[in-house]
**Student:** 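Got a structure for you, written out below as structure tokens; questions coming shortly.
Keep in mind it's a predicted model, so treat the numbers as computed, not measured. First the proteins, then the strands, lettered A, B, ... as listed; each starts at 1.
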Amino acid sequence: MIINLGGLVNKAIEKKWQDKWREVNLFQADLDNREKIFVTVAYPYPSGAMHIGHGRTYTVPDVYSRFKRMQGYNVLFPMGWHVTGAPVIGIAKRIEDEDPWTLDLYEKVHKVPKDELHKLSDPEYIVKYFSNEYHNVMDDMGYSIDWRREFRTTDESYKKFIEWQLRKLKSMDLVKKGKHPVKYCPSCDNPVGDHDLLEGEGATINELTLIKFEIDDRFIVPATFRPETIYGVTNLWLNPDVKYIEVDNDGETYIISEDSYLNLSNQIKNLKIIGEVDPNDLIGKFVKNPITSIEHPIFPASFIDPEYGSGSVFSVPGHAPADYIALQDLKVNDELLNKYDLKNIVDNIKLLNVVTVEKYGEFPAKDVIQKFNVKNQNDKNLEEATNELYKVEHSKGIISDNIPIYGGEKVAIAREKIRTKMIDDNFGATIYDFSQHPVICRCGSKTVVKIMDDQWFLKYSDEDWKEKARKCLSNENIIPNELRANFEYYIGWLEDWACSRRIGLGTRLPWDKQWLIEPLTDSTIYMSYYTIAKYFKNIDIEDLNDDFFDYVFLGKNNGSIAINSEDNNHDLNGIIDEIKDEFNYWYPLDWRLSGKDLVGNHLTFHMFHHGAIFPKDKWPKGMVVFGMGLLEGRKMSSSKGNVIILSDAINEYGADVVRLFLMASAEPWQDFDWREKEVKGIKKRLEWFFEFADKIKEIKYSTIDLNDIKEIELEKKIDKWMISQLNLRLKDATTALEAFQTRKALQDALFLLKKDIDHYLYRVRNRMQKNDEDIANVLSIVFKTWIKILAPFTPHSCEELWETHGGKGFISNEKWPDYNPDLMDEKIGKSEEIVTNLIKDILQIKKIISKNLNKIHIYPCEDWKWDVYKIAYEISKPDIGQIMGKSIKENLCEDKKELSGFVKKIAKEMTKTKYVGKIDEIAILNNEKEFITQEVGCEIVIHQDNSYDPENKSKQALPYKPAIYIE
RNA sequence: GCGGGAGUGCCCGAGCUGGUCAAAGGGGACAGGCUUAGGACCUGUUGACACAGGUCUACCAGGGUUCGAAUCCCUGCUCCCGCACCA
């Protein structure tokens, strides 16, 4: 459906140009003798339709590529599809299960036709479907992509490339085996990410220490954040209303809550249930503290959460507000005391001190409870009190002197030491739990923390590797540069990265086939793959072995390279060298573009891996990081339906309007906001641009011929002014584009230039009636340059206008115009300013005095004032003494009083006005007399001197500001 | 908590290597033009005051540096983002 686009090109015309570009392979880039630019954007993960946020991401490199191509560079802008990973597996399953939310999302938001919908139950089909969709929409946007290099990350040749890379890293000892905890859904038998959750989004995995308290050859195993408080234990808590069980852990028997078994059994191997335990049998009995060997009684407590940790808690009433208050509650709960016969034991409990903190007493828990006015175990303030105390003790606390070994140490340090000691001595173990409960998978089941063992890691913690990444970073241009500090932080902060997965699409780990390579790991250096991807169609997969990649990428000949080409025109050894040369031509990568959400992982990995695998001269040279997209001020999100699909936007406004808006509304690294009203505003600008061409025709009474613009020596100031402004805007726009400032470039190339043209057209409106050759010439020059600088932004419209008005060939192939500094004259600009300011001032005075005007007298600034002004400019400080001194010395003005008055004035004025040298004001004013008269609507008299000056106004004149007297 | 960043006029947002800044550009609002009307389009106004082109108050708050600060420094307040195994 094509909505009326006014003067703009419609979809059919956009299509026409896309086809023409394709016919002549305009954007296919091969090795040649020109200087090259290689630009890549993070390839999309095609699990849904492309929306306007993606539109911005891919339009930026396109605009830049088109710009650089016009400047004469050989530009490669390729595209691929990142289809490895797990999300589509889940999506496919939900489609198969006919999950209504998912079906609705894909039908309504992603606009999948009904007859295609059910096919999405195959994950391979999902990525195929949407990568095709992306490809088509990218074509509709007019992107100048070299599609011969397109690939999916599940292509066999890509897998070979990834295998090579992983083996390479392993041979460098940058891969190791280990284990790590993950969020896991036992029912799906899958790790789950935040986006897979029904409930508990944002829950983090906390590390706890399990401590074994012995009781009758068995162990109660409470878990804690604060192992150092083991020295302050007075008792244990069990919840009498909770089911407890006995489990066997490698010969030892633990007592845990039934609810905690699911989580713990995913972390401790071979945890077997032996039987049930009645907590009532245990309450009142004693357990042994493994560190202090003190015997602690077991008390009942209702606040114990059976799901958290192991369903039991050791009580440190001196330092844990919850324990303190529970103990207070128990002391007055006669029913419980009697039931378990605890009265004497409870009365004998003495609080213990472990940690000393400034501003708190011996038992900080007690203080903090008073501070927050906590009444009982169920008080809402209890949590706040706990948070505060835990934080303070951790950051500022010192282990008290009465504690053996660790007395005097900082809590933060002692905690780690105690923890390590307990684990080494087999008194404790590390377990994990969520920061909040419950965490529910989309399938509806509770998730757990599972320890994945035999997992493979990339050793990002390795200092030598980090150092390489840092060097790589310092080598790069980062846009915006503020992110550099961020990258440095991430390089330092990264720990070993689990690079193997159980579920998903992708490449298998070559030496351990049970694992798939994690999707961020398989996309760190793939930009190099683009440089040679076009060759793989004709190469036997088996020949893409490590020797091949070693040779092509690293120039290492291991002596066994054999390439079987189906193309008999090529010598076998010839083609591999061609491939190698092509890689060496394009690499290093000039610009890597990506969203800011990838700063902490992908983009940082990108530096790590280039640092490890490639020599320094192949390290990436620059990075541009994108902001996010908003829709009418709200965050865009496909899953919430708050998006505009790119193809819809193209259908409604046309690709050029969409491109223009995305480039003009914000710089690439800023968040942009798609506002319908403003999109329409942009559309108007583009329409104006089209009308402009018609305007020139009107003047000329003939068609413009962009190939035949006469070289005319321009006489009139205003004509020169227009050309000067054009060059200024061109210069600023070019500088901006070099730095990816698309918004600023458009500000100059579209908005400000349009303003200049408006002004010019207004100034010459009388001459236009007379079929003035000069105007037509100026406008033709402006128009020709203008189409060119807009061509990277709105290529379809510019091609169409170019063709319509006699341009030869594609505008996409035209040379980017160079600005001519000789045509940028500051004095001309200033002259125009004098005229417009004068008119403005006269009109303002008119408004204020509101009397009938007769005549307006204008007096130019006297010569001596110019001289003083020059002196002031040279001194470049509002130093009145110095200016005065020099002026008197040069005897510029006989009337000292007038001089000092002027100097005072000029001292202030000169800070506001740019000095560009003396201007012949009389000439300018005479030149523009007609225009000024017309504007102010009253006769004007331009005086050479002050021989007629009844109110002595001529003295008011300043350089660039003639005096006015209104009669 | 750790790290990064931001606070500008009704709104969004430029400026932020100090002076050309009452502060670009867009949106909105108001007024006028055009139109049968609406829409679209065009022009003007949009901090206050002012009968000579001016003055005052303004760029989160407070303090400082400077002849001069939205711009530099310090303090405080507020807000946003990332903190991983995921694309």
Side-chain angles (χ1 to χ4, degrees), chain A residues 6 42 44-47 82 84-88 180-183 191-196 204-205 391 394-395 452 455 457-458 460 480 482-490 492-501 504 518-521 523 595-602 604 627-628 630 633 664-667 670-673 675-678 680-682 684-685 687-688 743-744 746-747 750-752 755 830 833 837-838 840-851 876-880 907-916 951 953 956 958 960-966:
Chain A
Y45 182 76
S47 64
H82 192 207
T84 37
V88 287
H180 84 286
V182 291
K183 260 178 221 156
V192 287
D194 240 12
H195 47 277
D196 298 318
T204 54
I205 294 173
K391 212 179 275 177
H394 177 66
S395 56
M452 304 288 278
Q455 171 72 270
F457 290 84
L458 292 172
Y460 292 146
E482 295 84 73
L483 281 177
R484 188 175 291 280
N486 247 330
F487 277 112
E488 267 158 20
Y489 174 77
Y490 280 119
W493 166 83
L494 269 174
E495 285 169 25
D496 294 341
W497 178 264
C499 64
S500 53
R501 286 299 112 87
E518 179 274 329
L520 286 172
T521 306
S523 53
K596 70 175 165 198
D597 47 336
L598 298 182
V599 168
N601 45 58
H602 165 71
T604 306
M628 308 265 111
L630 303 176
S665 64
E667 299 294 6
Q670 297 172 318
D671 294 350
F672 76 93
D673 190 357
R675 287 179 190 260
E676 183 101 33
K677 284 232 159 117
E678 299 192 14
K680 288 188 169 139
I682 285 285
K684 274 191 293 198
R685 298 299 159 142
E687 276 162 8
W688 192 95
R743 176 194 160 96
K744 181 158 192 318
L746 278 172
Q747 207 80 10
L750 185 56
F751 301 98
L752 294 178
K755 233 180 126 186
K830 202 79 194 176
E833 240 174 70
N837 284 339
L838 183 70
K840 227 168 75 189
D841 286 346
I842 292 172
L843 291 176
Q844 202 188 21
I845 297 167
K846 253 174 88 173
K847 210 166 114 189
I848 296 168
I849 63 177
S850 66
K851 71 174 182 189
S876 79
K877 259 193 299 189
D879 184 336
I880 293 171
K908 198 177 166 194
E909 193 67 23
M910 64 159 294
T911 64
K912 289 196 203 159
T913 319
K914 193 178 172 191
Y915 182 76
V916 298
E951 285 189 26
K953 293 287 183 194
Q956 305 270 343
L958 297 175
Y960 309 124
K961 195 168 181 184
I964 304 164
Y965 167 53
I966 299 184

**Student:** For A:T604 and A:H602, which I'm curious about, is there any donor-acceptor pair between the side chains at under 3.5 Å?
**Tutor:** no
**Student:** Scan A:A42 against the nucleic acid and name what it touches under 4.0 Å (heavy atoms): base, sugar-phosphate only, or nothing.
**Tutor:** nothing
**Student:** Between B:G82, B:A52, B:A87, which nucleotide has the shortest distance from any of its atoms to the side chain of A:Y490?
**Tutor:** B:G82
**Student:** Between A:K830 and A:E833, does at least one N-O distance fall below 4.0 Å, as a salt bridge requires?
**Tutor:** yes
**Student:** Between B:U20 and B:C12, how far apart are the P atoms? Round to whole Å, please.
**Tutor:** 25 Å
**Student:** Mind checking A:R685 for me? I need base, sugar-phosphate or nothing, with any heavy atom below 4.0 Å counting as a touch.
**Tutor:** sugar-phosphate
**Student:** Can you check whether A:K961 has a side-chain N or O nearer than 4.0 Å to OP1 or OP2 of B:G53?
**Tutor:** no
**Student:** Identify all pairs in which a protein N or O lies below 3.5 Å from an N or O of nucleotides 11-13 of chain B, and state each distance.
**Tutor:**
from  : atom 1 : to     : atom 2 : distance (Å)
B:G13 : O2'    : A:R743 : NH2    : 2.9

**Student:** Using a 4.0 Å heavy-atom cut-off, does A:L494 contact any base of the nucleic acid, only the sugar-phosphate backbone, or nothing at all?
**Tutor:** base
**Student:** Name the nucleic acid region contacted by A:L483, choosing base, sugar-phosphate or nothing; use a 4.0 angstrom heavy-atom cut-off, strictly under.
**Tutor:** nothing
**Student:** Taking the six-membered ring for Trp, are A:W493 and A:Y489 parallel (under 30°), tilted (30 to 60°) or perpendicular (over 60°)?
**Tutor:** parallel
**Student:** Tell me if a side-chain donor or acceptor on A:D671 pairs with a main-chain N or O of A:M628 at a distance below 3.5 Å.
**Tutor:** yes
**Student:** Would one find a side-chain N or O of A:K755 under 4.0 angstrom from OP1 or OP2 of B:G25?
**Tutor:** yes
**Student:** Output all residues satisfying side chain to side chain donor-acceptor pair (under 3.5 Å) with A:R675, sequence neighbours left out; order by chain, then residue number.
**Tutor:** A:D673
**Student:** For A:E488, what residues pass the side chain to side chain contact (heavy atoms under 4.5 Å, CB included) criterion, not counting sequence neighbours?
**Tutor:** A:L473, A:R484
**Student:** When all nucleic acid strands are considered with a 4.0 Å heavy-atom cut-off, which category describes A:H394: base, sugar-phosphate, or nothing?
**Tutor:** nothing
**Student:** Please classify the nucleic acid contact of A:P962 as base, sugar-phosphate, or nothing, using heavy-atom distances under 4.0 Å.
**Tutor:** base
**Student:** At under 4.0 Å between heavy atoms, what does A:D597 touch on the DNA or RNA strands: base, sugar-phosphate, or nothing?
**Tutor:** base
**Student:** Looking at B:G82, B:A84, B:C41, which one has an atom nearest to any side-chain atom of A:Y489?
**Tutor:** B:G82
